[in-house]
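Below, read A as the first sequence line, B as the second, and so on, with proteins coming before strands; counting in each chain starts at 1.
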Amino acid sequence: MELVVCIKQVPMVSELPWDPATGTLKRELAEGMMNPACRHALEAALQLKARQGGRITAVTMGPPMAEEVLRQALALGADEGLLLSDPAMAGADTFITSRILAKAVKQCRPDFDLILCGCYTSDSETAQVGPQLAEELDLPSAAFVEEIDMKKNRLIVSRFSDGFIETLEMKLPGLVTVSTQCYTPRYFSLAGIEAAFPDGAPIRTVRAGDLGLDPESIGVHASPTRILKVYAAGADKENIVLRGAPKQIVDHLLNRFGDRIGGAMGKDIKKNRN
Amino acid sequence: MNRKNEIWVFGDYRNYFQNRVTLQLIGRAVELAKEIKATVCAVVMGHDLDEWIGEYMAHGARRVYVVEDPSLKEYDAETYAHLTARLAAAHSPEILLVGATSFGREFAPRVAKRLNTGLTADCVGLAINSDGLLVQTAPSFGGNLLADIVTPQQRPQMATVRPGIFKEIPHNYEAKGEVIRIPLPKDIPARRIRLIKSVRQTQKPQKIEDAAIVICSGRGIGTQKKFNSLYELAELTDAEVGATRPLVYAGWADHEDLVGQAGKNIRPKILFSFGVSGAIQHTAAISGAEFIIAVNKNPQAPMMKMADVAICADAGQVCAALIRELKKRIR
Ligand SMILES: Cc1cc2nc3c(=O)[nH]c(=O)nc-3n(C[C@H](O)[C@H](O)[C@H](O)COP(=O)(O)OP(=O)(O)OC[C@H]3O[C@@H](n4cnc5c(N)ncnc54)[C@H](O)[C@@H]3O)c2cc1C
């Protein structure tokens, strides 16, 4: 099988140092790591390859340092890496990212059978790139899959979907996004990569021009959305302080915020008439 | 193009009894529609749809676009996206809102791509600004920040929203509206995915990471008996109970319930925090909480500073009063 795994490098937030004065993350010190869901997708690909044979191409779009996640993918058992890196691609949103990935796959692996993506990234969580890539390449897709198998020439996947456990059969070529519930990723040693590729890692860097992409069509400006402003989530917090007898406090709380609390519970909380 | 000025809400009815996000979005759309003088419409596809058409009208939709056919009985993101994009191209709605269900999260990005328009995922707020644009507020950068996003040119302006953010309007079965039935196009592409089996999931026990309400307790709760009474409060509010490290070490709570750097990350809509000081190893894991109600004797505790509502009182007493009052008030 010709497998393509899309991988993103994300900041390793949980390991970030804290600023004890402000209690915030020192994000600029973030080290990159392979997005957790992408590791699950890669693991799913490795297991498919072990059963079906074939080749795995790992693709990432990002700054030059994103090559690191491709090296990890190779150490884990991917056969080739494709680094899509170009200043013109900086700031791409999901809409543009899926356009670039689609172009790269079409050009570099036109004979692919299956594309695997992580179901979402830990730094943005939109979960959009997979389905939009399927749309770009006119593929059937299944998002958030838990299990993948082949039966004759069809892919069989299962997933949890809105209270149902679904088993689906998909024609190939196709695309899946892999959830983080199954396919526990194996550990890798970077020493492995030197052994596997004594002549250097087979990683190819691809620029916007190589893909025939007009910089105008992939920059920040090409995105249909605009960010108006970014602000701290807590900045608008009122920090209301309540004191007094417990009963009074609770009355006040429920009269004022009962709707909000009830909304989260899916029940109505009556207001006291007073 | 002849714009009818409509706000569309995609009718996602599959798991209706657990998930009323469509009604919640219609509720919000009714508010937004007042500001841009738009008509709130629902779009629904599938088979045997009368029940949902009635529900959407009763909850605020004034027009319902319906594509009904036995072949649409099973949810299919690709087919539904194809149909929705065609309908939207024909009717040019200003706004299209989709619930961030498992289905919606696969369906909406496809529709947006087909229509060449923007999509903001998992919005926590929707409003109309002075330019008449839909301001889509979404968490960004790991949930510590919020971003206000607009789609200036392309139409429709699209957003997905998780269940529970907005409130549905109480039903009114007298409400009238227009039903527009669209025949299934003949040239609809064949399905490339076949549903082999679909089994209703047995209700899994709720996990603290997914809970809409979490009650988190720290050492300030005082006694194990008072700590245990939090489970009664949790039962009343459909909440999960979490704990800080001292309580786990004391054996009052399991390691499974530990909230913090060494335990679970949570992102509830409501976090009740009882007798927690707010050490960074704990608060690092609660930054995704949307609304925090903290109870602590010490108003200077960091946990009180980061709360929306800081209750300066004894944790055990407030818990007892909440239980008494909620029993009277919950309908
Ligand atoms: C490497 C490392 C990892 C850690 N990981 C975690 C973790 O994952 N999770 C975690 O929780 N901790 C973790 N800790 C521990 C953390 O630093 C704090 O010690 C812990 O969170 C404090 O728990 P607490 O708030 O319950 O207790 P305390 O800090 O003792 O706070 C008790 C609070 O209760 C208030 N109080 C007292 N009496 C009352 C009353 N009657 N009514 C109301 N309020 C009252 C006090 O004012 C005080 O604010 C970790 C520490 C380290 C070093």
Side-chain angles (χ1 to χ4, degrees), chain A residues 13 18 23 95 98 123-128 131-132 135-136 140-144 160-171 223-234 237-243 246-247 249-251 253-254 257-261 263-265 267-270, chain B residues 14-15 18-19 78 101-103 105-106 109-110 113-114 117-121 135 139-140 142 144-152 154 164 167 192-201 212-213 237-238 269-270 280 291 299 306-313 317-318 321-322 325 329-331:
Chain A
V13 171
W18 307 101
F95 191 86
S98 53
D123 64 341
S124 74
E125 283 201 29
T126 70
Q128 290 174 7
Q132 295 205 324
E135 196 61 35
E136 285 275 356
S141 70
F144 292 90
F160 296 113
S161 190
D162 297 324
F164 295 87
I165 305 166
E166 293 183 337
T167 311
L168 306 160
E169 183 191 80
M170 186 196 285
K171 281 191 186 168
S223 165
T225 54
R226 294 275 172 283
I227 296 179
L228 290 183
K229 64 170 179 176
V230 176
Y231 46 100
K237 288 206 168 174
E238 275 189 73
N239 193 244
I240 299 160
V241 179
L242 301 179
R243 300 168 195 271
K247 156 89 175 138
I249 291 173
V250 166
D251 269 335
L253 180 74
L254 294 181
F257 298 107
D259 278 355
R260 185 154 194 163
I261 300 168
M265 287 156 54
K267 289 179 190 159
D268 262 352
I269 295 177
K270 276 186 284 187
Chain B
R14 180 165 60 166
N15 201 19
Q18 273 82 49
N19 173 0
E78 207 186 335
T101 58
S102 312
F103 176 79
R105 298 184 87 186
E106 183 169 6
R110 277 187 174 265
K113 195 85 205 187
R114 271 182 202 229
T117 189
L119 168 67
T120 306
V135 179
S140 70
N144 294 323
L145 296 173
L146 291 174
D148 284 354
I149 297 165
V150 292
T151 306
Q154 258 68 3
K167 237 188 145 184
R192 295 185 281 190
I193 289 205
R194 190 168 68 86
L195 183 67
I196 299 176
K197 201 165 66 178
S198 175
V199 191
R200 196 166 253 294
Q201 211 174 336
I213 303 187
T237 52
D238 285 334
K269 292 186 199 318
I270 310 272
I280 189 72
F291 194 78
M306 68 180 287
D308 294 87
V309 181
I311 296 176
C312 196
Q317 287 181 4
V318 172
L322 253 177
E325 206 49 40
R329 293 195 191 203
I330 291 178
R331 274 191 278 226

If I take atom [atom1] from residue [X] and atom [atom2] from residue [Y], how far apart are they, to the nearest 0.5 angstrom?
X      : Y      : atom1 : atom2 : answer
B/L119 : B/R105 : CG    : CZ    : 10.5 Å
B/R329 : A/I261 : CZ    : CD1   : 9.5 Å
B/E106 : B/T101 : CD    : OG1   : 10.0 Å
A/L168 : B/K197 : CG    : NZ    : 11.5 Å

- prompt: Would you say A/I227 has more than 12 foreign heavy atoms packed within less than 6.0 Å of its CD1?
  reply: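 Atom CD1 in A/I227 is not crowded, with 12 or fewer foreign heavy atoms closer than 6.0 Å.
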field: Other residues, nucleotides, ligands: >12 heavy atoms within 6.0 Å of A/K171 NZ
entry: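 No.
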When [options] are compared by non-hydrogen pairs under 4.5 Å with chain A, the top option:
options                        : answer
B/C312, B/G118, B/P109         : B/P109
B/R194, B/K269, B/Q154         : B/R194
B/T151, B/V199, B/T120         : B/V199
B/R114, B/M306, B/K113, B/E78  : B/K113
B/V318, B/I311, B/D148, B/I196 : B/D148

Which residues share a side chain to side chain donor-acceptor pair (under 3.5 Å) with B/R14, sequence neighbours left out: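 With sequence neighbours excluded, B/R14 shows a side chain to side chain donor-acceptor pair (under 3.5 Å) to A/S161, A/D162, A/E166, given in chain and number order.
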field: For A/S223, side chain to side chain donor-acceptor pair (under 3.5 Å) partners two or more places apart
entry: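 Here the qualifying residues are A/D93, A/T225.
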Could you tell me which of [options] has the largest number of non-hydrogen atom pairs under 4.5 Å with chain B?
options                        : result
A/E136, A/M170, A/K229         : A/K229
A/K247, A/M265, A/K267         : A/M265
A/V241, A/L254, A/T126, A/I249 : A/L254
A/A142, A/A143, A/P140         : A/P140

- prompt: Where does A/F144 contact chain B at under 4.5 Å (heavy atoms): side chain, backbone, both or neither?
  reply: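 For A/F144, the side chain is the part near chain B, not the backbone.
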task: Could you tell me which portion of A/I269 (side chain, backbone, both or neither) has an atom closer than 4.5 angstrom to a non-hydrogen atom of chain B?
output: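 Both the backbone and the side chain of A/I269 come within 4.5 Å of chain B.
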Proximal component of B/K167, with respect to chain A [non-hydrogen, under 4.5 Å]: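 The side chain, not the backbone.
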